[in-house]
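Keep in mind it's a predicted model, so treat the numbers as computed, not measured. Worth knowing before you read on, the calculation uses all heavy atoms, side chains too, and leaves out hydrogens, waters and symmetry mates. Letters A, B, ... are given to chains in the order of the sequence lines, protein chains preceding strands, and every chain is numbered from 1.
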Number of protein chains: 8
Amino acid sequence: MPPVEPEVIPDVARQDRTGQPEVIYGPGKSPAQVLAVAGALVDAGVRPILLTRATPDQVQAVLGADPTATFHERANVVVIRAVERSSPGRIAVVSAGTSDLPVADEAAVVAEAFGLTVERITDVGVAGVHRVIERVPDLERMDLVIVVAGMEGALPSVVAGLVPAPVIAVPTSVGYGASFEGLAALLGMLSSCAPGVLTVNIDNGFGAAMAAHRIVSRR
Amino acid sequence: MPPVEPEVIPDVARQDRTGQPEVIYGPGKSPAQVLAVAGALVDAGVRPILLTRATPDQVQAVLGADPTATFHERANVVVIRAVERSSPGRIAVVSAGTSDLPVADEAAVVAEAFGLTVERITDVGVAGVHRVIERVPDLERMDLVIVVAGMEGALPSVVAGLVPAPVIAVPTSVGYGASFEGLAALLGMLSSCAPGVLTVNIDNGFGAAMAAHRIVSRR
Amino acid sequence: MPPVEPEVIPDVARQDRTGQPEVIYGPGKSPAQVLAVAGALVDAGVRPILLTRATPDQVQAVLGADPTATFHERANVVVIRAVERSSPGRIAVVSAGTSDLPVADEAAVVAEAFGLTVERITDVGVAGVHRVIERVPDLERMDLVIVVAGMEGALPSVVAGLVPAPVIAVPTSVGYGASFEGLAALLGMLSSCAPGVLTVNIDNGFGAAMAAHRIVSRR
Amino acid sequence: MPPVEPEVIPDVARQDRTGQPEVIYGPGKSPAQVLAVAGALVDAGVRPILLTRATPDQVQAVLGADPTATFHERANVVVIRAVERSSPGRIAVVSAGTSDLPVADEAAVVAEAFGLTVERITDVGVAGVHRVIERVPDLERMDLVIVVAGMEGALPSVVAGLVPAPVIAVPTSVGYGASFEGLAALLGMLSSCAPGVLTVNIDNGFGAAMAAHRIVSRR
Amino acid sequence: MPPVEPEVIPDVARQDRTGQPEVIYGPGKSPAQVLAVAGALVDAGVRPILLTRATPDQVQAVLGADPTATFHERANVVVIRAVERSSPGRIAVVSAGTSDLPVADEAAVVAEAFGLTVERITDVGVAGVHRVIERVPDLERMDLVIVVAGMEGALPSVVAGLVPAPVIAVPTSVGYGASFEGLAALLGMLSSCAPGVLTVNIDNGFGAAMAAHRIVSRR
Amino acid sequence: MPPVEPEVIPDVARQDRTGQPEVIYGPGKSPAQVLAVAGALVDAGVRPILLTRATPDQVQAVLGADPTATFHERANVVVIRAVERSSPGRIAVVSAGTSDLPVADEAAVVAEAFGLTVERITDVGVAGVHRVIERVPDLERMDLVIVVAGMEGALPSVVAGLVPAPVIAVPTSVGYGASFEGLAALLGMLSSCAPGVLTVNIDNGFGAAMAAHRIVSRR
Amino acid sequence: MPPVEPEVIPDVARQDRTGQPEVIYGPGKSPAQVLAVAGALVDAGVRPILLTRATPDQVQAVLGADPTATFHERANVVVIRAVERSSPGRIAVVSAGTSDLPVADEAAVVAEAFGLTVERITDVGVAGVHRVIERVPDLERMDLVIVVAGMEGALPSVVAGLVPAPVIAVPTSVGYGASFEGLAALLGMLSSCAPGVLTVNIDNGFGAAMAAHRIVSRR
Amino acid sequence: MPPVEPEVIPDVARQDRTGQPEVIYGPGKSPAQVLAVAGALVDAGVRPILLTRATPDQVQAVLGADPTATFHERANVVVIRAVERSSPGRIAVVSAGTSDLPVADEAAVVAEAFGLTVERITDVGVAGVHRVIERVPDLERMDLVIVVAGMEGALPSVVAGLVPAPVIAVPTSVGYGASFEGLAALLGMLSSCAPGVLTVNIDNGFGAAMAAHRIVSRR
């Protein structure tokens, strides 16, 4: 007598409650489960519909079922439905090094799918701090800044001390040894001497984008 | 030949750059140093001027020097100058248990001194989850919600799943044993299954208020 | 002169002492060792006889040797002998997300093999807390509730605040970054503000079922 | 304009939902707040009414206000109202060393106030394992066993291998150096090789008693 | 201009200083380096000559070069030269579960190669504590007991409380979740309530055998 | 109805089983409990009788009750009864810095009370490694060496590479910052590159002496 | 028979070996021991002679015995003998906040007592990064820069990216919550994205100065 | 609308600011990105140009594009351009065991590419401390010593106590169990009792070489 196979039931009422539909998180789901959840969300008429941390099997299944979906490879996100009209909000996604780009991409792709306008600023690590300073005029125009950094994770402190926008810090698991898979950057961002830095989980570009949408869309 | 006594030099240009003046952090400063920094900030005309994590000696020195200052005991904050006009922004400071109140107070006092309108919601721990649900109509009117919780730190996840406002989670060092001085709540908030929860350091009500001001004042 | 090859000697008297026979834990045993232990247990007449955390080689060996055995794939458990008569006890296995299902399945399969009646409740994460509340009438009928959750691990606190049954919390290694392979959920469950939550090791659905059997079978 | 003084609002409906009224946790509450909560619970007619982790000021205030209250010094618990009739349930509170007694006492006093019959077994550390074995006949008569131990926390494994009752393990912060304030015992209990050991937070005798009451009172 | 290729220079004088020749630790050495070191040790006339944590390439190289060498597979040790005469010392290697056997084997093979007489006692985990007690007469005849255990690592405490021999505890990385790759067992052994338990590194059967030889050979 | 006051029952049969009587560990015991246990041990005729980690109240109580007891202040040990005849065993207690002396003293006082002959070697930290080397002739005469060190805890590795005696390493909580109250020394000793170093808990001079007695007294 | 009172024997040959005499570390030494060591160093003619982490009793004893000694209160260092001629080396001690000044002072006082010329740069935290940049012309003239910072510890990365001098980073235990007594700053400095940052222990201004002297004095 | 593909922009001005050009860190870059950055650096005329932690694809791409590049396999470094003239500086790279050689090689290859003269000293672990002492005359001639060690990481303390040169300690991830991937060595080096030891990240031979170049090239 096997246990009943539990169905995967999406929380379709979430958009009504929070203004944000459920996003499909890939790991642990079979391609069939992903398609079932995506179908339920399409039927419910919510937007956007996204699949994050997608496995190759899931990507293939979704693209096969829906040719209008787009796959962002480095971000590892499939956009099944984007919002139809962009909001006026404008955010920057700032990153320190090349290795941080997948996480920065995840933040950017998700934010754009939710209708935000995203500007990318890359390669502005604190070991060449003039590079951030040169971008202050751009940063001052932003409604919000997402800062993605690994290793010592110092970039959010520098940015928050330069401009008035809210700063969401995303630690990445980039670095070796005593960076302990992103722990050094995480603790550094939480301990930032620049008041008002807000932190999300390690490598959680998705969460940063979701929070950014909550903040900017209420403007 | 002793080392030159270093002076404490406030960063008076910070308000121009970031919209937020430097706030005086008490620990490690002598009462004379606190008065000197406060005087420099008064001379620079910035507002608000606050002293956080004040020691009794510092409180006495500031209140003696400036009878218009007000001391908030449980929050342990001295408001030396508040802003002159309140902004239209409205936030809630939600807390779980009695032991979380000092941190919630720090957030509320700082936010009000920066001109935000603050509503307090207390005693809504997740062990009686109906208490949060009853307050959803209040929470839905907010521009932002600060959620203060110790122990397992689950309250921000519940709140973020109920309302569309941005949620800033403040873990507190309340609990014993395996809560490890707030680590359990911190890790829980960072790992929240509700997308968009933003986290600050343990017991950092001040930082939550500063971030809230950045977000709400740009509205 | 090699060291004597130690034999694997099952503790066949355990059922007499504790009411629960030894269960075969797969990792580190050769298929031949598994068959030898299973044979000794069959000879001793105990029930149930289970193999958990089975490797593919072990599964193949057991199914080949005993066609009446059943393999539960997602739970990764082989039921070699189930109990002959079910006990009157009724438990729920509640889980938060799709990724938690293998651990929830392990708990359910083991509990059923020991004769308990198991009801499954899935997809009731705290980010949509109404989903748990809707199931309170079901939960109130239970003799015990096993709650399986990863990430911040908040679900046991919510459940224990809603119903009178004992709650066994099983943290899972689901989540990334600061969930630290289940540590965030584990610490959260240990620090639960709902009194009376009992915790087992990370991903230990087996242990939760064994404890549930001890509790319910004495009724 | 100070923040509104938040009132402390007890969750008086908890007993209806869970069968267990809210227990007053001392730390962080003023004596006046404790009296106010206690009064509200008395008015609501719930039983038992307990104050745990009481401060001396709180103890004095409660005993002054209600001469029928009793203070258990080593357990640091004030019993303001006990239940009126004891349940038939019988549990043992087993402890390893003298330093573990305050935690064992907290468990015993709370369990008795909830109406359970408690038997104490002390000084049965695993370094003299025959002492536990001699008590097996007593332990076999129990509906549940709470085992309190610090240092390596091995006693629950031994007990759970000897008797069929459910075992709740309480790690204590007893030990020095690499016991890391109870972490060694906590990890050991979670990793127990005896299936079915259930664990609560470090030094959490209260939580063990609450869980025991949930289990035994449903019998 | 490449850096000079550093040669691997064995410390051939170690046996004169400490009574124990250098043992070849496999990881990170090429097969050629292993053969070179082994050859230098053979030339120096020391005994025994061992290769531990051998890689398959290294095993093949050594067995090919010296047909008298013997490979112990589960222990992953190659004995190139054993001592010529056994010492009178007698030790027991006690282990808890099947998964602990590779570490126990490493201890046993190394100890025997150094001339000790080794008795194996297996499957005596603390969840069936009578199994250890039944072996007390055997253990009382020993000059030293090595106890190998994973999970909560409680077995050394029980053994040290039963017999007068010195006890060397070897934690293994057996267990999952909160055993944290042997950390739970390590902390438990260091925190043992049985005075006189001595601990070596996780999975370090080799180190236990080397210490045992130092102790027993001086008798 | 208070819980029965549990008595403190010494394990008087321990000496028969293990050759070592129970030693009274001070923390958590009242002076009256200490006197009661000491009296029971005196009545049982065991030797030695020791009180470790004594509080001032306990010391005063014991010295008042038994004028032949001697208090070793820096070791914080009261010797109530020493053994009557010394064993032929000879050990060295080696320590690195002045701050390590209390732990070294605890080891030395306990070992002498158990009848061992102890030689002290102090101030031989690895930053002046010639100081250890000069003492090699002394160390070579020893049956066993206890090495007490804080900070990086490197001294046991150096000693074990110089002499054939067994080495028991005692990490101390000496050092600041990243020594993490003895953790750096503990991990270093467990990871020693000198095979055969045996480790006890942080600051556990007592445990080192107990193990040394087991080893040396069997000679 | 008490253990022989071990004498404190300074390593007077250290200056000959390493160019740096032994410095007296206060904690754990009696005032008499401090005076004895200081006397031995004076007799040996070494310079400088310093007492760090001094207790009030030690300070009083040294100043009473030698009126030429000078006490630096915030650094908590007594300079008993300074070097007679300064070296040509010039270093900067840069610090971020007021709370970091005691550690920065320890570094500065020790470096000056060893003959280095020290320039102080204070209040240049990364939240106002222009303050560091304004000091680049000063920093470019330095032979070495010691950077003292707590919280996220980002300042060394910024400095090392701006100037060619070697950078020694000193994490301080300043900050709360997730700074974990300096751990966040320590991990951040070790993980610095600016190549060539060298790190010492938390709050170890002394160690930074000693390393600086080794580096600069060889110029 | 995909996010703009961010370009990788090397910080070509870094050599002017710090005297050290940007070094290409392999992980996370495509071969094309590596070639682009290398080309930009060649165009800027800086020297040396290095690729560290190279992947096989990157090595092949660089060697294919520039036949004058040299690949150091065990160090995993490609030297694309070395400096043209060596500086007079002389450093030693000292390592303990065979497994530490890749990290020591990385340090040596990078230092030589920057123009330093490097002497290698290998197989001088502290378990045979005479081997270090024999090399003191060589070490005394050095301007700086890099010490590479895993396990307990004790070698830097010994070296810094023997010679006056600055010591840079590089912990390696060599060891098992409680060495925790280099953590034991890292904490030991940070806690060194030899004043003046400077530490870099685990396995960070590159960082040690960069710091050495800053120190020695200013001589």
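In this structure, the portion of G/Leu186 lying under 4.5 Å from any heavy atom of chain H is its side chain and not its backbone. When heavy atoms are compared at a cutoff of 4.5 Å, H/Tyr25 does not approach chain G at all.
For residues 149-165 of chain H, a heavy-atom distance under 4.5 Å to chain G picks out H/Ala160, H/Gly161, H/Leu162, H/Val163, H/Pro164, H/Ala165, given by residue number. Against chain G, the residues from residues 194-204 of chain H that qualify, each with a non-hydrogen atom under 4.5 angstrom away, are H/Pro195, H/Gly196, H/Val197, H/Leu198, H/Thr199, H/Val200, H/Asn201 in number order. Using non-hydrogen atoms only and a strict 4.5 Å limit, the part of residues 13-23 of chain G facing chain H consists of G/Arg14, G/Arg17, G/Thr18, G/Gly19, G/Gln20.
Each of G/Ala211, G/Ala209, G/Ser191, G/Ser192 has some count of heavy-atom pairs under 4.5 Å with chain H, and the biggest count is that of G/Ala211.
Atom CD of G/Glu73 sits in a sparse spot, with 12 or fewer heavy atoms from other residues, nucleotides or ligands closer than 6.0 Å.
Every residue meeting the ring-ring contact (aromatic ring centres under 6.0 Å, His included) condition with H/Phe114, not counting sequence neighbours, appears here in chain and number order: H/His213.
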